[in-house]
Amino acid sequence: MSHKFSIITMGCQMNECDSDYMAQSLAHLGLLPVNDPNDADLILINTCTVRAKAEQKALSQLGRMSIIKRRKPEVILGVVGCMAQQQGTELIKRFPQIDLIMGPRELGRIQDVLKRIISDRQRVIAIDLRACLPSYFPFGGYFEGRVAGFISIMQGCNNFCTYCIVPYVRGREISRSPEDIISEARNLIREGVKEITLLGQNVNSYRAEGQKRPNFAFLLREVSRLEGLLRLRFTTSHPKDLSDELIQCFAHLDKLCPHLHLPFQAGSNSVLKRMKRGYTRDHYIDLIAKLRSMNPEIAITSDVMVGFPGESESEFLQTLDLIEKVRFDAIFSFKYSDRKGTFAYKMGEKIDEAEKASRLSALQSLQRQITLEKNRALEGKQLEVLVEGRSKKGGQLTGRTGTNKVVNFDSDFNHIGSLVKLQIKDGFQNSLQGEIILFNN
Ligand code: SAM
Ligand code: SF4
């Protein structure tokens, strides 16, 4: 049996959550985690394939880990996650040094699969998309020292947006039971976690099995009741499934942070239709108005893409117009990336890279200006911050507001894990600078 493992995690929060699950499974088998893959007997690369760039990064990581394997052939090298699912046997043909290929839907079997590799010394390819939800088994102490934790409440996606590879690599939607989720949340809280983020590709369509088919608003209400929990967040939401019941949660649930990440992807109705998103720009703008009337302080962030096949200059200008109208707190913006197997891959009228780059740069400069204005408008305000740790530079403490803005501040005390009240002194592009007024530990 190998003794030490190292997991390299790339991509989204869902992958981080999957890596936590694998780490706990391996710890159950008696393996010890190490940070440096050079010290490990088992190396797992948890990959992303949502854009071509993510895939290139995963392949270069695989190159680096292969050097270790060449030096120490007894090391078990596994590629897991979305790129593993997408490329499957092709990947092992190109890189015969790989011992394990495992898709995200198979992670629940990681213990059995590893035992098989070790005892039979055979390669394993596990990419069945029908595999069911992994059962949850906590490993005591795993989350100690963490202020914020993730819980994956569902797997997969049924939406098949035309540009997106996710439904092909993460399978159809399946929701975990509220009981399972609550028991995982209780465990995180017991270990000291103060803020929980519920994760899914489209949490708005969460529907558990059972007679009453509990929905996402129900789940939020249940989790927010847990004693010891200070803050609750969730991501990602889909505009077509954002219900009034869920919007009302922002007014009624004290622990639910006033922040919603609501990807809009494009500002023109024709592009939204070609993306098969299932809403119009007006519907999106109406949702934002409803959210702001429910809670005027709510922060809205989003994902957007430029250069979708056939996107004309005037369609792109509608995206800029929507950004100006909504005034998002922050945006994650991407150039459309062709993914083999998706509907958009087969569409004509691909936009060339230089044009995509120029649209992205115009969009990002507009958003930077809005973000800075919003951050500066907070100067002089008093905000509550959950302290998460020390900032990378300057040795200050760092935390986030309920609206998910990073605030750094000086203090002689260790407030990590506590809520503190800060006066905002400066609003910068990516963070705020605060001064402590009140703390409660
Ligand atoms: N389920 C979430 C949703 O519906 O918004 C997130 C899915 S995806 C992992 C995160 C973001 O990546 C998407 O919101 C989208 O903006 C972007 N994305 C997905 N496919 C893409 C592609 N082919 N090219 C560029 N960006 C893409
Ligand atoms: Fe991809 Fe659309 Fe599903 Fe999000 S909702 S994961 S963008 S298919």
Side-chain angles (χ1 to χ4, degrees), residues 9-18 46-58 81-83 85-86 104-105 129 150 152-175 197-206 216 234-242 260-267 271-279 284 287 300-311 316 319 322-323 328 330-347 350-351 353 356-357 359-360 363-364 367:
T9 308
M10 322 185 72
C12 64
Q13 293 165 326
M14 212 83 187
N15 268 13
E16 282 180 41
C17 204
D18 287 346
N46 193 1
T47 58
C48 171
T49 190
V50 82
R51 284 170 289 276
K53 214 167 165 185
E55 201 172 289
Q56 282 149 18
K57 278 194 196 159
C82 296
M83 188 185 80
Q85 179 70 40
Q86 171 72 351
R105 220 41 193 255
L129 278 177
F150 298 122
S152 162
I153 62 163
M154 59 203 293
Q155 300 253 353
C157 181
N158 290 348
N159 288 316
F160 289 94
C161 301
T162 54
Y163 50 80
C164 187
I165 197 73
V166 170
Y168 303 92
V169 292
R170 285 194 171 262
R172 296 296 73 72
E173 261 173 30
I174 170 164
S175 299
T197 303
L198 304 179
L199 292 181
Q201 294 300 342
N202 176 12
V203 290
N204 305 158
S205 61
Y206 172 88
F216 185 58
F234 61 84
T235 198
T236 299
S237 286
H238 195 303
K240 80 174 166 51
D241 298 316
L242 185 65
L260 182 67
H261 185 68
L262 192 64
F264 73 100
Q265 312 297 2
V271 173
L272 286 171
K273 198 163 182 194
R274 297 206 295 282
M275 288 178 163
K276 203 167 141 293
R277 287 289 288 177
Y279 54 86
Y284 188 90
L287 286 176
I300 309 286
T301 57
S302 198
D303 291 349
V304 61
M305 199 180 302
V306 298
F308 185 76
E311 183 189 66
F316 169 63
T319 292
L322 192 142
I323 291 173
F328 295 96
I331 285 185
F332 294 101
S333 48
F334 311 102
K335 286 188 274 179
Y336 164 79
S337 170
D338 232 3
R339 306 317 287 139
K340 199 171 171 191
T342 62
F343 296 102
Y345 183 78
K346 293 183 215 123
M347 291 179 186
K350 296 280 157 64
I351 308 297
E353 282 304 313
K356 281 196 262 182
R359 288 181 189 178
L360 187 67
L363 185 156
Q364 289 180 336
Q367 182 55 44

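Side chains included, hydrogens not; waters and symmetry mates left out as well; all remaining heavy atoms used. Just so you know, ligand 1 is whichever comes first in the structure, and atom 1 is the first atom listed for that ligand.
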Taking only distance into account, with no hydrogens and no angle test, what donor-acceptor pairs under 3.5 Å do side-chain atoms of residues 154-167 form with protein atoms, sequence neighbours excluded?
{"residue": "N158", "atom": "OD1", "partner": "E173", "partner atom": "N", "Å": "2.8"}
{"residue": "N159", "atom": "OD1", "partner": "K240", "partner atom": "NZ", "Å": "2.8"}
{"residue": "T162", "atom": "OG1", "partner": "R274", "partner atom": "O", "Å": "2.8"}
{"residue": "Y163", "atom": "OH", "partner": "Q265", "partner atom": "NE2", "Å": "3.3"}
{"residue": "Y163", "atom": "OH", "partner": "R277", "partner atom": "NH1", "Å": "3.3"}

Can you list, by chain and residue number, every protein residue with a non-hydrogen atom closer than 4.0 Å to ligand 1? V50, R51, Y163, Q201, T236, P263, Q265, R277, D303, M305, F334, K335, Y336, S337, R339
Taking side-chain contact (heavy atoms from CB on, under 4.5 Å) as the test, write out the residues that go with F328, two or more places apart. F264, Y284, I300, S302, L322, I323, V326, I331, Q367
Compare every heavy atom of [Y] with every heavy atom of [X], then report the nearest pair and how far apart it is.
X    : Y    : answer
A344 : D338 : O-OD1, 4.1 Å
I153 : V203 : CD1-CG1, 3.8 Å
L262 : S237 : CD1-CB, 3.6 Å
R170 : C82  : NE-SG, 3.5 Å
D241 : N204 : O-CB, 3.2 Å

Which atoms of ligand 2 sit under 4.0 Å from any heavy atom of R277? 2 (Fe), 7 (S)
Going by the atom numbers of ligand 2, which of them fall below 4.0 Å from some non-hydrogen atom of Y163? 7 (S)
Could you check whether any side-chain N or O of R339 sits under 3.5 Å from a backbone N or O of T49, counting only pairs where one atom can act as donor and the other as acceptor? yes
Is a side-chain donor or acceptor of K350 paired with a backbone partner of M347 at a separation under 3.5 angstrom? yes
Using a cut-off of 6.0 Å, state whether more than 12 heavy atoms not belonging to F343 lie near its atom CZ. no
List-wise, which protein N, O or S atoms are found short of 2.8 Å from atom 3 (Fe) of ligand 2? C157 SG
